Participant: 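Take this structure, written in structure tokens, and hold onto it; I'll ask about it next.
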Amino acid sequence: MTIRVRFAPSPTGYLHVGGARTALFNYLWAKKNGGTFILRIEDTDEERSTEDSVAQIYESMRWLGLHWDEGPVRQSDRAALYQEALRKMEAGGHLYRAFDTKEELEEIREQARLEKRNPIYDRRALRLTPAEVQAKLDAGVPFVWRFRVPDEGATRVPDTLQGEGECVFQNSEIGDFIITRPGTIANPGGPLYNFCCAVDDAEMRITHVIRGADHLSNTARQILMLEALGAAIPQYTHLPLILKGGKKMSKRDVDADGRFPVSVSARRDLGYHPEATFNFLALLGWSFDGEREILTRDEIINAFSLDRLSKSNANFDEDKYLFLNGWYTRHLPTATIVARVRPFLEAAGFDLASRTDEWIGGVVGLEIERCKLLTEFPEALRYFFAAPASYEEKGAKKFFTPEGLALLEDSAARLETATDWSHDGLEAPIKALAEEKQLGLGKIAQPLRLAVSGRTATPGLFEVLHVLGREETLSRIRRAVEVMRAAAP
RNA sequence: GGUCCCAUCGUCUAGCCCGGUCUAGGACGUCGCCCUCUCACGGCGAAAACAGGGGUUCGAAUCCCCUUGGGACUACCA
């Protein structure tokens, strides 16, 4: 039997990293087994679904390389299918109409709370006589369809991960759930999530449902409907949840924290790599061998298996994500990094018109070990595009002293007579100066570094001077000297 | 409150199913040392965990029970 899995997001917000991980595991399971990965958009909630979200979900999945084999299938296009399933279940005696108002239902819940019971519908609609039902229908009283859960027995959710192979729910604890929005005969209410999900899983012949553990109790209901429909029950894998601050990631206020947003697109905009994200997400609840953690897409696909999934919830480890991103920044081909950094440099307003990819690659290469996120490059590279507007305060205090000033002027004098502006050609005269002064190279280099870059931490000083060129270097030193004189006359 | 799920270093985890090889392995983070013109990268090293209590067993991180803790669900959302 060929494996068929689906990722079924609701477009009520941007795809977040938790959803992306669910999509990833479905994708991996399909790829590993030569199966089919289906994308299904669960947009039955017209109020909350937006086209913007739909577009962003596609975009984020493509960015991560989670290409789907079938779909996207939109539930909003499948009304006829749900209508047919509804008729089938009704004919089987699995459904009944309920005319209760929101207020009545709230009362039932409140009562249950007081009695410390699970709030379960009391089936008052089921006690209506056929004549009473007909009267309400004739009067146009809105109703919803409820699924009649069997009185006895239990519903077993076959799960590869949670429980000991299955999770058991007593039917008496489930309660007759609602499967449509309120409507009338003339104007029927639309189908609800649980219902569509079960119908679609059956219709699409889904073999494995891999989704978050927050769906565990829904699954019992979906299995009940699947049985009523006479459909096969897929194998379920309820993934442990990704926690953020000890709580489930919330769809709302997705990107409330600008530094640690949860939407995939916001992460991309912050300069995270798809490779790092793919790798990191795969390791969130799954492990390769417990030793290796930096893995290629193919290695992950080949090694992926459901039985190496963890059962317990995982905190979203920002430090590790950032570390991995830094690793990929350092190890991805330079051309890739340059292509990805370019837009960030442009956005920062740097003039790239006269800059070749080779030149950009050069300066990116110099700063790459100090940058984990692509968004860090503009600030890191700023001094290659413009003379420092200010000098690092701590460094200025330490190196812009009378002694530092003298050293800077001496350095400038040596550099002015330098004929060879290569790394070695620059190093030689400065080293000679250090020896004459009986100082460590750092003593000379630090004031120079600060003068040309405004910073106390940069790549090798002579590489920097080489890139800046003679004129630019000397003019920056002159400016620094002026600033120093002005500050301490 | 009810139902369900989960429980190894601060965090992500390996080991658990098939008890002894575990003085519990790796990674991130932290700290120290080395490399070094600075920062970073890299290298080396350190501190750091089987939630608690009962069983079963010659022997338990591994099996069973209880307690405790954490999470999810508890919509005419998905």
Side-chain angles (χ1 to χ4, degrees), chain A residues 8-13 42-45 47-49 98 100-102 105-106 109 112-120 142-146 157 159 161-164 167-170 173-175 177-183 189-190 192-194 196-197 212-218 220 238 240-241 243 246-248 251 280 283-294 307-308 310-324 326 330 367-371 380 395 399 427 430-431 434 440-446 448-450 453 455-462:
Chain A
S10 72
T12 54
E42 310 225 316
D43 55 354
T44 54
D45 188 340
E47 306 268 304
R48 297 201 304 137
S49 297
D100 315 283
T101 64
K102 264 195 144 138
L105 295 175
E106 187 48 49
R109 272 194 290 274
R113 256 193 294 273
L114 288 174
E115 292 171 21
K116 302 190 174 187
R117 293 187 343 259
N118 202 6
I120 284 176
F143 65 87
V144 298
W145 284 102
R146 273 186 190 268
V157 177
D159 197 296
L161 201 57
Q162 309 294 334
E164 320 268 314
C167 298
V168 180
F169 294 85
Q170 294 304 314
E173 296 286 348
I174 295 176
F177 50 93
I178 295 168
I179 67 164
T180 65
R181 294 189 162 74
L192 250 16
Y193 161 75
N194 260 318
C196 298
C197 187
D214 49 345
H215 282 288
L216 203 41
S217 57
N218 281 330
H238 286 96
L241 267 12
L243 271 29
K247 296 285 174 200
K248 182 180 123 174
K251 274 193 176 184
F280 175 67
L283 255 21
L284 219 46
W286 177 81
S287 62
F288 180 69
D289 60 1
E291 302 280 315
R292 282 193 57 206
E293 300 200 317
I294 292 178
D307 53 20
R308 283 198 73 83
S310 160
K311 294 166 88 108
S312 45
N313 294 345
N315 275 292
F316 193 84
D317 188 343
E318 290 290 353
D319 283 332
K320 199 156 191 165
Y321 189 12
L322 193 60
F323 162 81
L324 269 178
R330 274 175 265 120
E367 283 291 348
I368 207 157
E369 278 151 13
R370 268 157 296 277
C371 296
F399 301 113
E427 185 180 35
I430 298 298
K431 261 203 167 151
L441 185 52
K443 283 273 188 231
I444 315 276
Q446 280 307 82
L448 254 180
R449 188 189 307 279
L450 189 60
S453 72
R455 305 179 359 197
T456 54
T458 72
L461 175 65
F462 305 113

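Per chain, numbering begins at 1; letters A, B, ... match sequence-line order. In this text the structure is predicted, and so the values were computed from the model without any measurement.
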Participant: With both distances under 3.5 angstrom, what nucleotide forms a Watson-Crick or G-U wobble pair with B:A47?
Facilitator: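 B:A47 is paired with nothing.
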
Participant: Could you check whether the side chain of A:Arg330 and the base of B:C41 have a donor-acceptor pair of N or O atoms closer than 3.5 Å, going by distance alone?
Facilitator: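 Check fails, no donor-acceptor contact within cut-off.
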
Participant: With sequence neighbours excluded, tell me which residues meet salt bridge (charged side-chain N to carboxylate O under 4.0 Å, His left out) with A:Arg292.
Facilitator: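 A:Glu299.
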
Participant: Give A:Arg449 one of three labels, base, sugar-phosphate or nothing, depending on what nucleic acid heavy atoms sit under 4.0 Å from its own.
Facilitator: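 Touches a base.
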
Participant: If we call it a pair only when both distances are under 3.5 Å in a Watson-Crick or G-U wobble match, what pairs with B:C37?
Facilitator: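 Result: none.
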
Participant: If you define the side chain from C-beta out and look only at heavy atoms, does anything of A:Pro11 sit under 4.5 Å from A:Ser49?
Facilitator: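 In contact.
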
Participant: What's the closest nucleotide to the A:Arg370 side chain, out of B:U38, B:C39, B:U13?
Facilitator: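 Of all the options, the side chain of A:Arg370 is nearest to B:C39.
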
Participant: For A:Tyr193, give me all partners under ring pair (Phe, Tyr, Trp, His ring centres under 6.0 Å), at least two apart in sequence or on another chain.
Facilitator: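 A:His215.
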
Participant: Please tell me which of the listed nucleotides, B:C12, B:C37, B:C77, lies nearest to the side chain of A:Arg181?
Facilitator: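 Given the options B:C12, B:C37, B:C77, the side chain of A:Arg181 is closest to B:C77.
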
Participant: For A:Thr458, which contact category applies under a 4.0 Å heavy-atom criterion: base, sugar-phosphate, or nothing?
Facilitator: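 Base: the residue A:Thr458, judged by heavy atoms under 4.0 Å, touches a nucleobase.
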
Participant: Considering only heavy atoms from C-beta outward, does the side chain of A:Ser10 approach that of A:Asp45 to under 4.5 Å?
Facilitator: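 No. Closest side-chain heavy atoms not under 4.5 Å.
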
Participant: Could I get the full list of salt bridge (charged side-chain N to carboxylate O under 4.0 Å, His left out) partners for A:Lys443, not counting sequence neighbours?
Facilitator: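 Testing A:Lys443 for salt bridge (charged side-chain N to carboxylate O under 4.0 Å, His left out), a comparison that skips the adjacent residues, returns none.
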
Participant: Give the nucleotide from the list B:A78, B:U3, B:C5 with an atom nearest to the side chain of A:Cys167.
Facilitator: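 For the A:Cys167 side chain, the nearest candidate turns out to be B:C5.
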
Participant: If the condition is side chain to side chain contact (heavy atoms under 4.5 Å, CB included), which residues does A:Leu105 pass it with, not counting sequence neighbours?
Facilitator: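 A:Leu105 satisfies side chain to side chain contact (heavy atoms under 4.5 Å, CB included) with A:Asp100, A:Ile108, A:Arg109, A:Tyr121, A:Arg146 only.
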
Participant: Could I get the full list of ring pair (Phe, Tyr, Trp, His ring centres under 6.0 Å) partners for A:Phe462, not counting sequence neighbours?
Facilitator: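 Scan of A:Phe462 (ring pair (Phe, Tyr, Trp, His ring centres under 6.0 Å), adjacent residues dropped) gives A:His423.
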
Participant: Indicate for each nucleotide in nucleotides 63-72 of chain B, in 5' to 3' sequence, whether protein heavy atoms under 4.0 Å reach the base (B), only the sugar-phosphate (S), or nothing (-).
Facilitator: --------SS

Participant: Go through the structure and list residues passing salt bridge (charged side-chain N to carboxylate O under 4.0 Å, His left out) with A:Asp214, not counting sequence neighbours.
Facilitator: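 A:Asp214 satisfies salt bridge (charged side-chain N to carboxylate O under 4.0 Å, His left out) with A:Lys248 only.
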
Participant: For the side chain of A:Leu284, starting at C-beta, report the closest nucleotide among B:U3, B:C12, B:C37.
Facilitator: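 Minimum distance to the A:Leu284 side chain belongs to B:C12.
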
Participant: Any side-chain N or O of A:Arg109 below 4.0 angstrom from OP1/OP2 of B:C76?
Facilitator: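 A:Arg109 to B:C76 OP1/OP2: side-chain N or O found under 4.0 Å.
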
Participant: Watson-Crick or G-U wobble partner for B:G1, using a 3.5 Å limit on both distances?
Facilitator: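 Matched B:G1 with B:U74 under the 3.5 Å cut-off.
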
Participant: Is a donor-acceptor pair below 3.5 Å formed from side chain A:Arg455 to base B:C39, judging by atom type as modelled?
Facilitator: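 When only heavy-atom distances are counted, A:Arg455 does not reach the base of B:C39 through any donor-acceptor pair under 3.5 Å.
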
Participant: What does A:Ser312 touch in the nucleic acid at a heavy-atom separation under 4.0 angstrom: a base, only the sugar-phosphate, or nothing?
Facilitator: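 Contact class for A:Ser312: sugar-phosphate only.
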
Participant: May I ask you to say what A:Pro459 touches in the nucleic acid, namely base, sugar-phosphate or nothing, with a heavy-atom cut-off under 4.0 Å?
Facilitator: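 Base contact - A:Pro459 has a heavy atom under 4.0 Å of at least one base atom.
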
Participant: Provide, to the nearest angstrom, the distance between the CG atom belonging to A:Leu322 and the P atom belonging to B:C12.
Facilitator: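 That distance rounds to 17 Å.
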
Participant: Does B:C12 have OP1 or OP2 under 4.0 Å away from a side-chain N or O of A:Asn315?
Facilitator: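 Checking B:C12 against A:Asn315, a side-chain N or O does come within under 4.0 Å of OP1 or OP2.
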
Participant: Quick one: list whatever passes side-chain hydrogen bond (donor to acceptor under 3.5 Å, both in side chains) with A:Asn194, sequence neighbours left out.
Facilitator: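 So A:Asn194 forms a side-chain hydrogen bond (donor to acceptor under 3.5 Å, both in side chains) with A:Asn218, A:Gln222.
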
Participant: Please confirm whether the shortest side-chain N or O distance from A:Arg117 to OP1 or OP2 of B:U3 is below 4.0 Å.
Facilitator: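 Looking at the OP1 and OP2 atoms of B:U3, neither is under 4.0 Å from any side-chain N or O of A:Arg117.
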
Participant: Using a cut-off of strictly less than 4.0 Å, decide whether A:Arg308 has a side-chain nitrogen or oxygen near OP1 or OP2 of B:C17.
Facilitator: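 For B:C17, OP1/OP2 do not have a side-chain N/O of A:Arg308 under 4.0 Å.
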
Participant: Establish, with yes or no, whether the OP1 or OP2 oxygen of B:C12 is under 4.0 angstrom from a side-chain nitrogen or oxygen of A:Ser287.
Facilitator: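 No, no such contact exists.
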
Participant: Paired with B:U68: which nucleotide, if any, by Watson-Crick or G-U wobble criteria at under 3.5 Å for both distances?
Facilitator: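 Because both required distances fall under 3.5 Å, B:U68 counts as paired with B:A7.
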
Participant: Any strand is fair game: report the nucleotide pairing with B:U57 by Watson-Crick or G-U wobble, both distances under 3.5 Å, or none.
Facilitator: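 Base-paired to nothing in any strand shown.
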
Participant: Regarding A:Thr44, tell me which of base, sugar-phosphate or nothing describes its non-hydrogen contacts under 4.0 Å with the strands shown.
Facilitator: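 It contacts sugar-phosphate atoms only.
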
Participant: Grab the two heavy atoms, one from A:Pro240 and one from A:Ser312, that are nearest each other, plus how far apart they are.
Facilitator: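 It is CB-O, 3.1 Å.
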
Participant: Between A:Ser217 and B:U74, is there a contact of a side-chain N or O with OP1 or OP2 at under 4.0 Å?
Facilitator: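 No, because none of the side-chain N or O atoms of A:Ser217 sits under 4.0 Å from OP1 or OP2 of B:U74.
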
Participant: Please list each protein N or O that sits under 3.5 Å from an N or O in nucleotides 46-53 of chain B, with the distance.
Facilitator:
none

Participant: Taking side-chain hydrogen bond (donor to acceptor under 3.5 Å, both in side chains) as the definition, give me every residue that meets it alongside A:Thr44, ordered by chain and number, with sequence neighbours left out.
Facilitator: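 Not a single residue meets the side-chain hydrogen bond (donor to acceptor under 3.5 Å, both in side chains) criterion with A:Thr44.
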
Participant: Classify every nucleotide of nucleotides 19-27 of chain B by which part a protein heavy atom approaches to under 4.0 Å, writing B for the base, S for the sugar-phosphate alone and - for neither, in 5'-to-3' order.
Facilitator: ------BBB

Participant: Just call it for A:Ser453: base, sugar-phosphate, or nothing, with non-hydrogen atoms closer than 4.0 Å on any strand.
Facilitator: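 Contact class for A:Ser453: none.
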
Participant: Could you list the residues that satisfy salt bridge (charged side-chain N to carboxylate O under 4.0 Å, His left out) with A:Glu367, not counting sequence neighbours?
Facilitator: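 Here the qualifying residues are A:Arg370, A:Arg455.
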
